[in-house]
Protein chains: 2
Amino acid sequence: MRLVIARCQVDYAGRLTAHLPMATRLILLKADGSVSVHADDRAYKPLNWMSPPCIFVEHSAPEPLGPEAPTLTALWEVRGRDGDTLQISIGEVFHDSSHDLGLDPGLQKDGVEAHLQALLAEHPETLGRGWSLVRREHPTPIGPVDLLCRDAEGGYVAVEVKRRAEIDGVEQLTRYLELMRREARLESVHGVLAAQQIKPQARVLAIDRGITCITVDYDLLRGLDNIEDRLF
Amino acid sequence: MRLVIARCQVDYAGRLTAHLPMATRLILLKADGSVSVHADDRAYKPLNWMSPPCIFVEHSAPEPLGPEAPTLTALWEVRGRDGDTLQISIGEVFHDSSHDLGLDPGLQKDGVEAHLQALLAEHPETLGRGWSLVRREHPTPIGPVDLLCRDAEGGYVAVEVKRRAEIDGVEQLTRYLELMRREARLESVHGVLAAQQIKPQARVLAIDRGITCITVDYDLLRGLDNIEDRLF
DNA sequence: GTGTACATATCGCAT
DNA sequence: ATGCGATGTGTACAC
């Protein structure tokens with residue numbers, strides 16, 4: 001990884017064009033070939049970047065355009081796979097260092113939607129008394145429904161699981177229901193949106209479409225899971 | 001901006017929990033208080049981060065847990081606004097430097113959807129012969145339709161503009177059309193999806209719903225605009 | 001490879 | 001603040 005702090009001017013041309021006037025910034029060159037240009041704010045997103053795979057070329061510094069023009073020390077050009085280009089004109093360099101970081105052992109995550117879905121699959125009774133799981137990832141022609149259950153009366157219920165449900169989650173479940181109801185067996189399948197948090201607008205749309213909203217308690221579900229761990 | 005290259009272990013707790021084992025990484029501390037932890041790959045995405053506003057606290061180095069345990073030089077804690085925490089245990093430090101970057105003059109973009117919408121608003125005849133613009137951002141109860149036009153016969157047309165149209169663009173326009181058609185004046189409003197590129201699945205769904213798909217040529221539109229610039 | 005959905009999405013705008 | 005849509009979204013997974 002190479003860290004450069006320098007005055008620079010940046011021009012990107014690809015799906016859009018973008019221009020950064022000359023100013024002092026951090027230029028980050030990673031071992032994967034990627035290049036990113038950071039200002040002194042925004043934790044997550046750089047001002048400009050090029051994702052790998054890409055080709056980095058360093059041109060010799062062009063002659064100054066006039067006696068008043070800033071002296072450039074280098075011109076960097078990064079070419080992406082779709083013909084995207086990132087041109088970085090380097091002025092005064094304040095820092096330039098390289099570091100060998102090695103491979104990262106990687107990230108362990110917990111709490112994402114997949115885990116929530118697994119917990120609900122193991123404990124369908126938390127969605128409704130007497131409910132049982134038919135299968136996870138029940139296939140429909142346009143994609144899998146997260147959970148297919150049966151309620152206490154034996155009726156089918158399609159459950160869409162989200163961490164935070166928004167309007168597109170309702171649209172997604174609506175499409176699934178529409179297609180599932182074309183099957184005789186699932187003609188009267190009911191829809192349930194299960195999420196840790198349901199946005200008000202999503203709730204309104206869901207109710208308008210006869211979809212039941214259930215907010216689930218992730219910590220409670222994890223608790224159930226831990227109790228089971230102790231029992232077995 | 002402060003750049004630290006160090007062996008570190010990171011734990012994030014917030015919407016999810018995440019753990020990074022001890023390894024050498026770049027820690028970026030920006031002037032806005034944000035913190036991000038980068039490995040030598042994954043392009044511009046940090047492994048962990050905390051967006052501003054957040055509070056940074058440096059604790060004294062804890063005593064080693066045993067004679068074999070790695071010596072920690074510092075323990076950093078970053079607290080976000082929603083109670084998110086990022087804990088960084090710092091081991092050996094290979095680099096530590098600070099730089100004053102100043103405010104960035106900012107980014108200039110061109111070519112995004114807004115521009116495409118503006119060009120189509122100025123040249124509705126490129127969508128259909130004899131078409132005229134009624135208004136941009138025509139309001140509906142659930143949000144504005146990009147363009148409302150009238151065709152050569154005086155019929156209303158609602159146009160959703162996208163750079164690349166996918167299935168959710170069709171859903172969006174469908175919702176707008178459903179609500180617009182509740183108004184007597186717009187009872188028979190027609191739907192048009194206008195985009196530089198339309199994904200096959202989106203096209204199928206649109207046609208199934210009676211929505212017309214039009215691919216627009218951005219460069220051609222810009223050309224029309226330039227010609228106009230010369231004329232006036 | 002395409003299509004689909006998820007993300008600690010982030011970001012910007014309007015209400 | 002919240003809602004909503006766009007993003008040079010990036011990323012993983014299934015078909």
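A note on names: the letters A, B, ... follow the listed sequences, proteins ahead of strands, and every chain is numbered from 1.
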May I ask you to verify if any side-chain N or O of [X] is less than 4.0 angstrom from the OP1 or OP2 atom of [N]?
X       : N       : result
Q172(A) : dT4(C)  : no
Y12(B)  : dA7(C)  : no
R164(B) : dG3(C)  : no
R42(A)  : dG12(C) : yes

Side-chain touch [X]/[Y], heavy atoms, less than 4.5 angstrom:
X       : Y       : result
I5(A)   : T24(A)  : yes
R150(B) : V157(B) : no
H138(A) : M180(A) : yes

Identity of whatever pairs with dT8(C) - Watson-Crick or G-U, under 3.5 angstrom: none
With both distances under 3.5 Å as the test, what is the Watson-Crick or G-U wobble partner of dG8(D)? none
OH-OG1 distance between Y12(A) and T85(A), expressed to the nearest 0.5 angstrom: 8.0 Å
CD on E171(A) to CG on L205(A), rounded to 0.5 Å: 6.0 Å
Let's see if you can work this out: which of dA6(D), dA5(C), dG3(C) has an atom nearest to the side-chain heavy atoms of P200(B)? dG3(C)
Assign E171(A) to base, sugar-phosphate, or nothing according to its heavy-atom contacts below 4.0 angstrom with the strands shown. nothing
With sugar-phosphate meaning primed atoms plus P, OP1 and OP2, does P144(A) contact a base, only sugar-phosphate, or nothing at under 4.0 Å between heavy atoms? nothing
[N] [atom2] sits how many Å from [X] [atom1], rounded?
X       : N       : atom1 : atom2 : answer
E137(B) : dC4(D)  : CD    : P     : 15 Å
K162(A) : dC6(C)  : NZ    : P     : 3 Å
Y44(A)  : dT8(C)  : OH    : C1'   : 9 Å
R203(A) : dT2(D)  : CZ    : P     : 15 Å
I167(A) : dC4(D)  : CD1   : C1'   : 9 Å
K199(B) : dT4(C)  : NZ    : P     : 9 Å
L107(B) : dA6(D)  : CG    : P     : 19 Å
H38(B)  : dG10(D) : NE2   : P     : 15 Å

May I ask you to say whether K162(A) pairs ionically with E166(A), meaning some side-chain N is under 4.0 Å from a carboxylate O? no
Give, ordered by number, those residues of residues 46-59 of chain A having at least one heavy-atom distance below 4.0 Å to an atom of DNA chain C; if nothing qualifies, reply none. none
Atom CD1 of residue position I207(B) - does it have more than 12 heavy atoms of other residues, nucleotides or ligands inside 6.0 Å? yes
Check this for me: R81(B), atom CZ, are more than 12 non-hydrogen atoms of other residues, nucleotides or ligands nearer than 6.0 Å? no
Which residue lies more 5' along DNA chain D, comparing D84(A) with A43(B) via nearest heavy atoms: D84(A)
Heavy-atom nearest nucleotide on DNA chain D for L86(A) versus K45(B): which residue maps closer to 5'? L86(A)
With rounding to the closest Å, how many angstrom separate the C1' atoms on dA6(D) and dG10(D)? 15 Å
How far, in whole Å, is dC6(C) from dG8(D) if one measures between their P atoms? 22 Å
